[in-house]
Colleague: 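Got a structure here, written out as structure tokens. Questions coming.
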Amino acid sequence: MADRAVLRRAEDVFATTQHRTWRQLVWQRFKRHRLAMAALGIIGVLLVLTMLGPIFIDRDRAYRPNPRIMNQPPSRAHIMGTDEVGRDIFARIIYAGRISLTIGLVAVAISVGIGTMIGALAGFYRGWTDTLLMRFTDLMLSIPSVFLLIALAVFLGPSVRTIIIVLGLLSWMPLARIIRANFLSLREKEFIEAARCIGASNASLIFRHILPNTVAPIVVGATLGVGTAMLTETAVSYLGLGVQPPTPSWGNMLYNAQSQMWNAPWISVFPGLMILITVLCINFIGDGLRDALDPRAKP
Amino acid sequence: MVRYIVRRLLQSIPLLIGITIVAFALIHVSGDPMAVYNNNPRMSPEAKAAIAAKYGFDKPLYMQYFVWVSRVIQGDFGYSFSTFEPVSKMIGERLPNSLILMGAAFCITLLVAIPFGIYSAVKQYSWGDHLITGLAFVAFALPTFWLGLLAIMLFSVKFKQWGLPNLPAGGMYDVSVGKTFGQVAQHLILPASVLGLVSAATYIRHLRASLLEVISQDYVRTARAKGLSERKVIYRHAIKNAMIPVVTLAMMDIPWLFAGALITEQVFAWPGMGRLFWEHAVKVDYPVLMGILVIVSSLVVLCNLLADILYAVLDPRIRFA
């Protein structure tokens, strides 16, 4: 960590001689992580399917009950079968994926925003700002977030928006700690001193000079956070406080299918698999990024 | 060492005060305790005011907070709005159950994670290692409740149908038999295994990574060069240092264990604190919710304190920092 600036400079020299930017170098290292590349491909396909799918798939297939085709196993007409009220599971998976992925991505955006802000302010200004912000972080870390999540979901009424905001508000703490630690060490470096000498403002020091140097933990934390947020949404759905039917999410599809787990396994297996595959791929990408962004790794 | 412990103890006092403030603020800012009566035509405004006065809701919020906190310090969490029992008694009944579940799960986690983590690191890139890391990744990405439901479906419902020895699907003991040790142990197997195995996944990954890093260090090479057996090198020299990050992980993991226990309790109808919280959250029962939040968070603070002390025992560098 301490040599990051030096190494970055070395990397810059390396990059100019090889005509490669830092970003290209990271991408080059990431590409060698075959599992992460495969995972990236799968997530890409999933994103396209869930974001564009609703254009091609009729909304009624996912939402309108059809008593004539209840509990049908996978067939040519319904490739993932139909559920207990005759809705097409594939269509529901696509519509639900949109909600589940949105929850994961937006919640993480909120959490990364808060975590970075708090970590940066605490690490940059030190002193009582640091003490105050970090004690608050400790406090938030010692209250198990699922309890707060349940309380807030009950009081604010469960909806997609509540879940996103609450998930974001309750998951920024680990990132804030890492960012703070990086800021504490980076602010003492010569290049920051140099920037200060030429009269850079505090805001410019924080955002233009220090923050770009701690991008690795932010990227990795954000990636892994999407998976965690999606799993938490599933858990909250199981408690009946997640996304409310008829709007489907992978979590509530799984929850609603629990009584049919043995008679009609396809109703629960497919949403379960979707969660498993997505979170698995996100974790692989996160690991790949961690290796690729690590300046100690060989180029 | 004593000074370190005292310092850590003093540091946790503001944390505990903060916890009571958050618990109180959360519950009181997000809802009005009198809202239950809003749609009740038989409640006259006078009757409402009388109830509000009885519970102290007519006083300003900070006064309510001080009244509540001064009672909490004396161990009095007030009375439930729905069952009218003292909250401390309700928590007292449920807390041991949660601790039994979490303790058993934690033992299973360690029993599974330590041998598999060591194996995975010592035999790096063998097919056994690939299998263990792969399974750990999958367990990490599975919704806990789905795993729990699958386990119930298989080990209690289907095994019973197939005439195999089966495990109970939920609850803490069979009402017809009573709360005996054997009954509780039998009912504990499934929930504790599910909770323990899921968290074992994280531990395996961390132990493997940390042991691999330690093994590549100079002092391990020295130990090997001295001609020590591989067993001695790993178990006497490498493992001690490799366990330090695992202790950190256990420390960070404690709130998560409470959360996981909440879901597991719900799946297996285990009468613990998490379930109590959920049941009363749905009923908007303020005193119970505030009581549980304070107790659970204080336990987390206490566990962190214990972990810190353990950490200082393991790693002398911390003590003198």
Side-chain angles (χ1 to χ4, degrees), chain A residues 35 39 131 135-136 138-157 170 173-174 177 224 227-228 230-241 250-251 254-255 257-259 261-262 265 268-269 271-273 275-284 287, chain B residues 11-12 14-19 21-23 26-27 29-31 137-138 140-150 152-154 157-158 161 205 252 254-263 266-267 273-274 277-278 281-284 289-290 292-294 296-301 303-304:
Chain A
L35 215 47
T131 313
R135 290 297 82 78
F136 180 60
D138 287 347
L139 176 63
M140 293 301 288
L141 271 174
S142 48
I143 305 177
S145 55
V146 171
F147 288 81
L148 291 182
L149 199 60
I150 292 175
L152 286 172
V154 169
F155 296 143
L156 305 177
L170 295 179
M173 295 80 79
R177 279 192 167 173
L224 299 177
T228 317
M230 288 177 65
L231 278 181
T232 313
E233 188 270 321
T234 320
V236 178
S237 285
Y238 175 71
L239 298 171
L241 300 169
W250 290 340
L254 194 51
Y255 169 61
Q258 59 171 324
S259 57
M261 263 172 111
W262 210 269
S268 63
V269 163
L273 272 181
I275 297 170
L276 177 65
I277 292 171
T278 312
V279 179
L280 207 56
C281 287
I282 287 171
N283 289 345
F284 283 144
D287 275 16
Chain B
Q11 276 171 356
S12 47
L15 210 53
L16 289 174
I17 296 173
I19 286 166
I21 294 176
V22 169
L26 174 80
I27 309 283
V29 168
S30 46
F137 257 111
V138 171
F140 199 58
L142 269 180
T144 315
F145 81 84
W146 199 42
L147 198 63
L149 291 173
L150 284 175
I152 292 180
M153 199 48 104
L154 187 65
V157 179
K158 284 296 148 181
Q161 279 180 15
R205 290 187 56 197
M252 299 290 291
I254 294 159
W256 190 90
L257 197 56
F258 273 101
L262 192 149
I263 305 289
Q266 195 65 24
V267 174
M273 285 247 281
F277 188 84
W278 183 78
V282 183
K283 292 180 202 154
V284 202
L289 299 186
M290 292 196 293
I292 295 179
L293 268 180
V294 170
V296 169
S297 312
S298 309
L299 279 174
V300 171
V301 172
C303 292
N304 281 345

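Numbered from 1 within each chain, the chains take letters A, B, ... in sequence-line order. Values below: all heavy atoms of this structure, side chains included; hydrogens, waters and symmetry mates excluded.
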Colleague: Measure Ile282(A) against the heavy atoms of chain B and call it side chain, backbone, both or neither at under 4.5 Å.
Modeller: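 Contact with chain B: none, neither part.
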Colleague: So which atom in Pro144(A) and which in Phe258(B) form the shortest heavy-atom distance, rounded to 0.1 Å?
Modeller: CG-CB, 4.0 Å
Colleague: Looking at Ala281(B), Gly260(B), Pro143(B), Ala23(B), which one has more heavy-atom pairs under 4.5 Å with chain A than the rest?
Modeller: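 It is Pro143(B).
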Colleague: Checking Leu15(B) against chain A: side chain, backbone, both or neither under 4.5 Å from a heavy atom?
Modeller: both
Colleague: Need one label for Leu35(A): side chain, backbone, both or neither, based on atoms under 4.5 Å from any heavy atom in chain B.
Modeller: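 For Leu35(A), there is no contact with chain B at all, as no heavy atom is under 4.5 Å.
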Colleague: Quick check for you: among Val279(A), Val154(A), Asp138(A), Leu139(A), which has the greatest number of heavy-atom pairs under 4.5 Å with chain B?
Modeller: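 It is Leu139(A).
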Colleague: Which heavy atom in Leu16(B) sits nearest to a heavy atom in Ser298(B), and how many Å separate them?
Modeller: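 Reported closest heavy-atom pair: CD2-OG, 3.7 Å.
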Colleague: If you take all heavy atoms of Met230(A) and Thr278(A), which pair is closest and at what distance?
Modeller: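 Closest heavy-atom pair between Met230(A) and Thr278(A): CE-CG2, 3.9 Å.
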Colleague: For Ala141(B) and Leu231(A), which heavy atoms make the closest approach, and how far apart are they?
Modeller: O-CD2, 3.6 Å
Colleague: Using a cut-off of under 4.5 Å for heavy-atom pairs, which of Val296(B), Val267(B), Ile19(B) has the most such pairs with chain A?
Modeller: Val267(B)
Colleague: Between Leu149(B) and chain A, with a heavy-atom cut-off of 4.5 Å, which part of the residue counts as in contact: side chain, backbone, both or neither?
Modeller: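 For Leu149(B), backbone and side chain are both near chain A.
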Colleague: For Ser268(A), is it the side chain, the backbone, both, or neither that has a heavy atom closer than 4.5 Å to a heavy atom of chain B?
Modeller: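 The answer is both parts of Ser268(A).
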Colleague: Pro174(A) and Leu141(A): which non-hydrogen atoms are nearest, and at how many Å?
Modeller: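 The pair with the smallest heavy-atom distance is CD-CD2, 4.5 Å.
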Colleague: Non-hydrogen atoms of chain A under 4.5 Å away: do they reach the side chain of Leu150(B), the backbone, both or neither?
Modeller: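 Both parts, backbone and side chain.
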Colleague: Please state whether the rings of Phe147(A) and Phe277(B) are parallel, tilted or perpendicular, taking 30° and 60° as the class boundaries.
Modeller: perpendicular
Colleague: Out of Leu241(A), Leu254(A), Thr232(A), Thr228(A), which one racks up the most heavy-atom pairs below 4.5 Å with chain B?
Modeller: Leu254(A)
Colleague: Is there a side-chain contact between Pro271(A) and Ile275(A) in this structure, where contact means two heavy atoms from C-beta onward sitting under 4.5 Å apart?
Modeller: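 No - every pair of side-chain heavy atoms lies 4.5 Å or more apart.
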Colleague: Are the side chain of Trp278(B) and the backbone N or O of Leu239(A) linked by a donor-acceptor pair below 3.5 Å?
Modeller: yes
Colleague: At a 4.5 Å cut-off on heavy atoms, which part of Phe137(B) comes close to chain A: side chain, backbone, both, or neither?
Modeller: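 Both backbone and side chain of Phe137(B) come within 4.5 Å of chain A.
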Colleague: For the interface with chain A, which of Val138(B), Val282(B), Thr144(B) has the highest count of heavy-atom pairs at distances below 4.5 Å?
Modeller: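 Among the listed options, the one with the most contacts to chain A is Val138(B).
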Colleague: Enter the distance from Ile263(B):CD1 to Thr234(A):OG1 here, rounded to the nearest 0.5 Å.
Modeller: 9.5 Å
Colleague: For the interface with chain B, which of Val146(A), Leu280(A), Leu148(A) has the highest count of heavy-atom pairs at distances below 4.5 Å?
Modeller: Leu280(A)
